[in-house]
Amino acid sequence: MMNNIRNFSIIAHIDHGKSTLADRMIQHCNLVSDREFKDQILDSMAIERERGITIKSQTICLPFTAKDGKLYTLNLIDTPGHVDFSYEVSRALTSCEGALLLIDAAQGVEAQTLANLYLAMDNDLEIIPVINKIDLPSAEPETVALQIDEDLGLDSELVQFCSAKTGKGVTEILEAIVQLLPPPEGDPASQLQALIFDADYDPFRGTIISIRVINGTVKPRDIIRFMSNGREYKVEEVGLFKLSREPQKQLSAGQVGYILAGIKTVEDTRPGDTITLKDDPCSEPLAGFKKVQQVVFSSIYPIATDEYEDLAAALEKLKLNDAALTFEKDSSVALGFGFRCGFLGLLHLEVIQERLEREFDIALILTVPSVQYTFLLADGTEKKVDNPAHFPDPSHIDRIEEPFIKATILIPERYMGVVMTLCMDRRGENTNFHYPMPGRIEFQCELPLAEVIYDFYDRLKSVTQGYGSFDYEMIDYRKSDLVKLDILVNGEIVDALSQLVHRNNARARGLHACEMLKEEIPRQMFKIAIQAAIGGTIIGRTNVSAMRKDVTAKCYGGDITRKRKLLEKQKAGKKRMKTVGNVDIPQNAFLSVLKSDQ
Amino acid sequence: MASLYLHIPFCKTKCCYCDFNSSAGKEALYEPYLAALEREIAGMAIEGNRGALATLFIGGGTPTVLTSAQLVHLIKQVEGLFGFTGDIEITLEANPGTVRESDLIALREGGVNRLSFGVQSFNDQELCILGRCHTCREAEQAVRAAHQAGFKNINLDLMYGLPGQDGDSWQRSLDTAISLTPKHLSLYQLTIEPATPLEGYIDTGNLSLPDEDEILEMDAVTDQFCQETGMKKYEISNYAELGFECRHNINYWRNREYFAAGAGSVSYLKGVRDKRVADPAQYIDLINRGGSAVVESEELSQEASFRETVVMGLRMTQGVSLRELYDRYTIDLKEHYGDTLSRLIGLLLLRLTEDRLHITEKGFPLANRIMAELV
């Protein structure tokens, strides 16, 4: 039975067509009628569809009859494409025997692709290179094939050509999966070892655990145990991911599917953990489990203070299918009660923000995102700080350390200069580079994480005209010199705008924040002074001049409704602002201080 | 007090700033339109005992594109159906380019006792930019003719904040206006309405508007002018000699009921605001089929209506009466607005006396900001 299973992933850079290829495979295997079909069928969240990105892993079980006449089960494990979610990717890859390396025929290989390819190789996956978008006028499939052969060291004999858009080459790819990827190994009769690679939440059934059974068998009424925390649950249902969940009598070695066990606490279900049976446990968990690390922290406040309870409930709900999100209560003088949240990265932060606003209809303010710093204090204690509000008294600080990353940037050779400059501006260290293929540079640089979370990726895209791609990993903590930068609006410190910045950048960042706020804060009925300060010393100032006239000249019997609606619109606009002192600060202003001025 | 508004959606030419429901070149519709209008009025009057009208306002468009005989006939019809109170105010909007003295005499004799001239400016260059079909000399002549015809209550509409206009030019328009001894002035800051030709000229940079400083200078000119002439501001854009405030419009600002008939007109009766179809041909068609021309209806909740009444009332310098509001809505204004009200009073934008809430002199230039907090 295992001989008829193939478990695979698709590795691709954003925009190289992963979701489209998945769509075509689903259609080819007749899993969905053309009438019911919609693009990016696996990306079910609105934000995924709009941005054309995959945030959550999705699994789909494809029945495929190959040329040999046999029916195969192809399990496609769709993975997120963004660097923020690379841990999820690594878990998903561990569940596979092979991967399609999808490359855009016009773009060639990108940093993200390389990073995930290395990840796949580390997991000993069989790789099938697929060159997509061969229908594009700018496609150079032969050149890309050569790159694959010479630069990636993959067998060009195996290269598949396709256009996921038109469907050309998709049958051949499915056939290649059957022929070239090995079936899973493992022993259905041995002790259960199942890898959790994802978890989702169903309000009626509880946590839906996505698993790959490595050894053994699991079935309803079994008592399972999570090896990382020892929690035990009784299995209610096991099954396969067709377009909807399809219950099975059991799942055994080699299979990919789900377990429902009435689990209501998402913390118990950690991607990367191993599930075994209580009565007949395996001796060792599968390798590679680690707790996900939040690297970016920001406080979230409802604009309407009476929506705090709603926000709390919304975060609880999101947490159910996003174990990587952490939050705890926080409060701000300016903004009232909110939550300090931890994220995997800035995209993750944006996703959570958007989901809170859209799915739960709560207007939010986010404070300036921060990384987590280590403060070694004069009394010998160590303090982790990710919130400017908790900045220790400077006279008590002995030493500050900040997290560093190693960035890998892949660019066409001609952008070397601008990228080097960008990295140096962001306090980059220890740069080096090599040529993985002619004309392309793989540039490596060690950077403070704090410099990357702001707008580094946007800037990189901009200076390389979209050709630069970027991946990073955390390396260590290094000594730093930080100050707390405060912003005052009409003399009042807006604590939500405070940020921890490197001393050398403080003045520039402060002036920049003043300028951005001047743009974002609309004129009001009085003059507004915006100041930047470090430790009580004002280092920059701008003003928003007073609005002096705003009157509707005419309003008679026929105009009343329309004019009233205009006033109501004006009122609604004001509601989306936060009043600090007497000043209405729009939501955008809080994030604008992060934006680059270049 | 019963009020009726009648809309005449026709003009000789369409001005470039105008987004009212009016169009030029539809002379063929005048007769059938009047017939439909009278039919609609008759239908309204039959619906029940409405009481005699205290105000009648014939607006447009340009009502004076119709002959004085047509207009007088219309007024007689209305009187026959509703009846008039002894001191009824009958206003007719008139374009200085479309009236002759003989017409004015006929209208005066036909019952019109208040004339409102859309003069807009006493500067020919400004009139030309606005696309008006008359010169300032013609306007002066028309106003004099109205005096001759016996009109005692004359209003002039003027606009400021026009492209190329400055404080001096505004001063000259005001001076000319007052020399014609009107009892009432409507002084409107130009609003650039969406999808008008003027918006296009501004957007493409062919014309530019005075900046905020210049507008405020013109406002200062207006204030000074009022002090010197005794014209008293009683609403955001309206000024009158004591006792000559427009009763029909005050009725709108007090958010009271009014009848209306004609294409695009809006009536407000028993808490329901009904809007009629804007297109005159469609209007004629709907009425002639014996149906209603109403295409939109709005009925606000008690609370929303209260807020609307407050916002409308604050357009007037006398503001709103707390007792009147309570009697009408059983809502206590101070309680209802709470901190918002205290804050606006604290900022000296609103003032609360024993029974009245009104916008202060400092507050009027920011009226929309204030109203947006109260709406």
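Note on naming: letters A, B, ... go to the chains in the order of the sequence lines (proteins, then strands), and numbering restarts at 1 for each one. Note: hydrogens, waters and symmetry copies are ignored here, and every other heavy atom, side chains too, is used.
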Interface residue of largest heavy-atom contact number with chain A, from [options], under 4.5 Å:
options: B:D219, B:L349, B:N251; answer: B:D219
options: B:D213, B:L374, B:L190; answer: B:D213
options: B:R307, B:M371, B:R273; answer: B:R273

### Option passing side chain to side chain contact (heavy atoms under 4.5 Å, CB included) with B:V375 (candidates A:K569, A:E568, A:K563, A:K565)
A:E568
Measure [X] against the heavy atoms of chain A and call it side chain, backbone, both or neither at under 4.5 Å.
X: B:N238; value: side chain
X: B:R315; value: side chain
X: B:Y258; value: side chain

### Task
Give, as side chain, backbone, both or neither, the part of A:N582 having an atom under 4.5 angstrom from any heavy atom of chain B.
side chain
### Query
Going by an N to O cut-off under 4.0 Å, is there a salt bridge joining A:K549 and B:E212?
no
### Message
Closer than 3.5 angstrom, by distance alone: can the side chain of B:Y5 be matched with the main-chain N or O of A:G557 as a donor-acceptor pair?
### Response
no
## Note on the structure
dist B:E373:CD -> A:M525:CE (nearest 0.5 Å) comes out at 5.0 Å
### Message
Within a 6.0 Å radius of atom CZ on B:F364, are there more than 12 heavy atoms belonging to other residues, nucleotides or ligands?
### Response
yes
### Task
Just say parallel, tilted or perpendicular for the rings of B:Y188 and A:Y556, cut-offs at 30° and 60°.
perpendicular
